[in-house]
Amino acid sequence: MIRTVLALLAGVLVSSAFAQQIPTIRLGRGFAAEEQVWLMSVRRDLTPNQGKKYELKQILFQANPERFQAFLAGELDAGTAPGLAVIFARAQGMDMKLVASVCLEAHGKDYFTTTYMVKDDGPIKSAKDLKGGTIGVVGIKTATDLWARAGLINAGLVPDKDTKVVPMAFPAIGEAVRSGKVSAGTFVEPFYSSEIAKGGLRKLFTAVDAVGYDHELLDLFFGEKFLKAHPDAVRAFLADYVAITKWYLANKEQGKRDLAKAGFVRTPVEIYVKNADWKRTPDARLDVGSLKKLSTFMHEKLQWLEKPVNVDEMVDQSFLPK
Amino acid sequence: MKSIRALVPIAILLAAWEAAARSGLWSRIVFPSLEAIGREFIGFFARADAWEQIWTSLYRAFGGFTLAAVVGVLLGMIMGRSKLVADLLDPLFSGTYAVPKLALFPIFIFVFGIGSLSKVALIFLECLYPIVIMTYHGAKSVNRVWLWSAQNMGASRWQILRRVVIPSTTPYIFAGFRVAVPVAMIVVVITEMISSADGLGYLVIYSLSSLRTDRMLAVVVIIALIGYLLDKGLVLARNRLIYWEKLDTYYV
């Protein structure tokens, strides 16, 4: 009897010690365009390393500043964030590195790219006609703000001076454009498809048109301390991430249905599965060149950065599977 | 002596902040030093558009507040002197006082547009409540002995209003104004943070989006200073107008 109890106790101690050795990755996530990241929590069966080499805890954030504040407070080890937000963070000396790509803004009929639209029967025929008008974006110094400003600069306009750039919530933009409250607005999925279905809006330019090249939209970052402390866990996590990205690319509809069922997405499932998706690379490798171009644009054209950011130093793809 | 005493809590707060900033426990992005905030504060006034941004927020706040002051005092006085109007409007104001009017801002944007009008309209609505309610209670609680005395001395309704009701209600009106002024400043900043391309609230969100907490806090200090100066101005005006009931006498 005593032997049995001792054996059970030893078993519990060994298993708890083993469990303690598995680091938990506290990952701050967003609410759009991160399907393969969300699937890591919904379809754990597709992530063989999870539970063995790392545990994953995803925490939802509505905006980047809050996500970064949580990271600074030591409440997050990793997260998803637009490349340009991480450029801002690195400019302020935050110890984080981009380790993998989530999705890109890319040309091509198979991909969705963020689109700026105007009233179909309105006077704005090209970006030049936005002079004296207002363009709605989702937040100041976000990617949507950058593309809007890039589009205006391309048209020879001076953002803020010739055309006001105002933040507003995605769900409100369609009606704001139709009612003439703003001259043009930013549309991402699922709002884009829903507004196109309603009619009355016309494409003015896309994010890719605005900057002129395919570029990183959303990436995965890790804190440098976590990378140094748990390199094997990060490798295992990224191996699962790449595996699930490949699975998602091959089984998009199923993946989307799983996410909708798990409550990760609120869009009606039949609309959600039909929506075009952003470009995702199967190996999750980052387009570092596009990040460099964005950083230069932010520094030189928009004066968003006081000094250039060394993009090579903020990227570490060595944890990705070879 | 009194002014020095008033500085003590501020000095303690600043010292605690600086200690947190220097402790190394938190990132300088979260807790920038006072020196960094001070540098940004000075830098703000070196901006070509510094006064324009301040003015943008001020005229929105003043616009909404002034409208609320005119409508609120009028409504409050009528409610205080007419039971019928009070019975009609009191449930409406009391019942919706706690409603977070800020939640209506998206509707205001659709009705009044993204520019200043939607912000002024929301500030008006937020400021209206404390002004109406304070004025109403002031007008309702005019000392009856004064009213009877005025009537006995043959004063007309207009004379009673001008000589008794308004002077008696003015302290309440100013109490409502003192509640409404900071509300106007808070609402203008929040609405500019939500949807604006100019103003101090826009600068707050702009700085925050670049993770420049020092710059953001410098703007917050400017907003606090404006709020403080407005309140001081209001107290000064109140003490001049209601010379028989200075605020300081409360503490004697």
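Reminder, nothing fancy here: chain letters follow the sequence lines and each chain counts from 1.
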Which atom names give the shortest non-hydrogen contact between [X] and [Y], and what distance separates them?
X	Y	result
Q92(A)	R28(B)	O-NH2, 2.9 Å
I109(B)	K181(A)	O-CE, 3.3 Å
S196(B)	P167(A)	O-CD, 3.3 Å
F68(A)	L211(B)	CD1-CD1, 3.8 Å

request  = Check whether NZ of the Lys or CZ of the Arg K141(A) lies under 6.0 Å from the centre of the six-membered ring of Y206(B) and within 45 degrees of that ring's axis.
outcome  = yes
note = Turns out that what part of A89(A) lies under 4.5 Å from chain B's heavy atoms comes down to both
key: From CD1 (I140(A)) to CD1 (I205(B)), nearest 0.5 Å   = 8.0 Å
query = Just wondering, do Q69(A) and L208(B) contact through their side chains at under 4.5 Å, heavy atoms?
reply = yes
Please say whether more than 12 non-hydrogen atoms of neighbouring residues, nucleotides or ligands are located less than 6.0 Å from [atom1] in [X].
X	atom1	value
Y228(B)	OH	no
R22(B)	CZ	no
E35(B)	CD	no

request  = Could you tell me which of S27(B), S210(B), G113(B) has the largest number of non-hydrogen atom pairs under 4.5 Å with chain A?
outcome  = S210(B)
query = For chain A, which of D198(B), L25(B), I194(B) has the most heavy-atom pairs under 4.5 Å?
reply = I194(B)
key: Contact leader toward chain B among E306(A), M94(A), K164(A), where contacts are heavy-atom pairs under 4.5 Å   = E306(A)
